[in-house]
Amino acid sequence: MMKGEKTDGGSRRGAASPHLCPPPEAAGACTPLSGIAEAFEEMAGLLLRPPDDGRSVELRLDKFCDACSLVSVLFGCLGLAFKFAEMEYVAKVRDLVEASKTHRTLQNILDLDVANDSVRTPGSHTRNLRRVRQGLDLIRALFEQFLSSDDYSLKDAATTAYTQVCAPFHTWAIRTAVYAGMYALPYRDQLLLKLNETDKTAEKKMRRYIKASIPVIQYIDKLYISRNISLDW
């Protein structure tokens with residue numbers, strides 16, 4: 001890999017700050033949601049396009065990390081209830097970013113952990129990828145709940161999303177803390193303001209992310225299943 005390639009990748013992540021964007025009516029593509037939607041649409045397009053040589057598609061780890069790093073902004077906008085999810089997600093993405101310096105694809109890190117019998121070992125790349133995948137799915141579920149209701153409060157939407165995606169894998173103590181923190185969620189208009197969006201612009205971009213994230217999540221799940229790694233953890 002060329003030396004300049006990693007430097008460029010880092011600059012892309014640094015350029016994603018929402019503070020650099022104009023108001024939503026003038027922003028065009030320059031909002032956190034736009035960047036996230038575009039990044040996942042690019043990955044989804046790769047995964048859904050039949051390979052020219054007939055071989056299975058391999059998703060590059062650095063490109064995956066670039067897209068996942070953008071999602072960190074969303075967790076930061078959700079406040080105390082998702083603070084644990086934010087801390088865990090950011091730490092896991094950071095680990096995968098480091099792994100991308102020596103491993104080219106998602107398949108590479110899974111195969112290495114399988115060979116070393118360290119798939120479920122705390123801190124393993126395979127375990128961290130599993131947690132990042134749950135974070136992506138949590139945002140997908142939250143967006144779906146957000147769009148299905150006009151409630152001023154996000155409590156019900158966030159509670160339903162968390163219960164569906166993460167609660168089954170968290171301890172009682174973590175679940176209790178998360179549910180208690182739901183009362184500190186920003187209101188709907190506050191979240192939109194933080195994201196530099198309006199209801200209309202946010203809806204389009206959330207739907208784009210929902211559609212594009214599904215094949216990415218399914219791809220990751222298939223990597224585990226094909227290696228006889230269960231998904232119940």
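For the numbers below, each heavy atom of this structure counts, side chains included, while hydrogens, waters and symmetry mates do not. By convention here, the first residue in the shown sequence is residue 1.
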Rounded to the nearest 0.5 angstrom, the CD-CZ distance for E144 and R207 is 9.0 Å
- Task: Verify side chain to side chain contact (heavy atoms under 4.5 Å, CB included) between Y224 and W233, making sure each step is shown before the conclusion.
- Result: CA-CA 12 Å; Y224 284 76; W233 58 295; 3.9 Å; yes
When you group the ILVMFWY residues by side-chain heavy-atom contacts below 4.5 Å and let the links chain together, are F169 and F75 in the same group? no
**Asked** How far apart are the C-alpha atoms of D199 and R188, what are their side-chain angles, what is the distance that settles it, and do they pass the salt bridge (charged side-chain N to carboxylate O under 4.0 Å, His left out) test?
**Response** CA-CA 9 Å; D199 258 316; R188 189 184 188 95; 3.3 Å; yes
Worksheet item: Passes salt bridge (charged side-chain N to carboxylate O under 4.0 Å, His left out), E98 versus K101? Steps please.
Response: CA-CA 6 Å; E98 288 300 312; K101 297 176 181 179; 3.0 Å; yes
- prompt: Any ion pair linking D221 and R133 (charged N to carboxylate O, less than 4.0 Å)?
  reply: yes
Inset, instruction - Treat each ILVMFWY residue as a node, draw an edge where side-chain heavy atoms are under 4.5 Å apart, and state whether Y162 and L231 are in one component. - result: yes
Checklist entry - If you group Ile, Leu, Val, Met, Phe, Trp and Tyr by side-chain heavy-atom gaps below 4.5 Å, do M87 and L138 land in one group? => result no
Hydrophobic cluster identity match, L78 and Y183, side-chain contacts under 4.5 Å
no
In this structure, CZ of F64 is separated from CG of L46 (nearest 0.5 Å) by 13.0 Å
(message) Do M182 and F82 have side chains that approach each other closer than 4.5 Å (heavy atoms only, starting at C-beta)?
(response) yes
Under a 3.5 Å threshold, yes or no: a donor from one side chain and an acceptor from the other, between T159 and D156? no
**Asked** Can you check salt bridge (charged side-chain N to carboxylate O under 4.0 Å, His left out) on D95 and K92, steps first, answer last?
**Response** CA-CA 5 Å; D95 171 77; K92 287 359 180 199; over 6 Å; no
Q) Any side-chain heavy-atom pair from V114 and T126 closer than 4.5 angstrom? A) no
| query | Between the side chains of R120 and S230, does any donor sit under 3.5 Å from an acceptor? | reply | yes
query = Any side-chain heavy-atom pair from L191 and E197 closer than 4.5 angstrom?
reply = no
Exactly one of V73, L70, L195 clears side-chain contact (heavy atoms from CB on, under 4.5 Å) with I36, and that residue is L70
* Please assess D137 against Q164 for the test side chain to side chain contact (heavy atoms under 4.5 Å, CB included), listing each intermediate value before the final yes or no. => CA-CA 10 Å; D137 202 21; Q164 289 177 351; over 6 Å; no
Closest non-hydrogen atoms of A44 and P215, given as atom of the first, atom of the second and distance, are CB-CG, 3.7 Å
Checklist entry - Any chance the side chains of T163 and Y179 put a donor and an acceptor closer than 3.5 Å? => result yes
Test your reading of the model: is there a side-chain donor-acceptor pair from T160 to the backbone of A157, 3.5 Å cut-off? no
Exercise. Going hydrophobic residue to hydrophobic residue with side-chain gaps under 4.5 angstrom, can you get from L47 over to I225?
Worked result: yes
Rounded to the nearest 0.5 angstrom, the CG-CG distance for L106 and D111 is 11.0 Å
Rounded to the nearest 0.5 Å, the OG1 atom of T198 sits from the CG atom of L193 at a distance of 11.5 Å
message: Is any side-chain heavy atom of T121 closer than 4.5 Å to one of R127?
response: no
_Quick check against the 3.5 Å criterion: does Y89 have a side-chain atom that pairs as donor or acceptor with the backbone of L136?_
no
Short question: side chain of S72, backbone of V90 - any donor-acceptor pair under 3.5 Å?
no
Check: So does E42 have more than 12 non-hydrogen atoms from other groups sitting under 6.0 Å from CD?
Finding: no
Distance col, row L112:CG vs N116:CG, nearest 0.5 angstrom, shows 4.5 Å
OG1 (T201) and CG (N196) are apart, to the nearest 0.5 Å, by 8.5 Å
Self-check item: Chi angles and distances behind the side chain to side chain contact (heavy atoms under 4.5 Å, CB included) call for L59, I220
Solution: CA-CA 9 Å; L59 186 58; I220 296 173; 5.8 Å; no
Query raised in the report: Does some side-chain heavy atom of L74 sit less than 4.5 Å from a side-chain heavy atom of F143?
Result: yes
Please say whether the positively charged group of R208, taken as NZ for Lys or CZ for Arg, lies over the ring of F40, i.e. under 6.0 angstrom from the six-membered ring centre and within 45 degrees of the axis.
-> no
With side chain to side chain contact (heavy atoms under 4.5 Å, CB included) as the test, would you mind laying out the steps for L61 and T105 before giving the verdict? CA-CA 5 Å; L61 184 56; T105 68; 5.7 Å; no
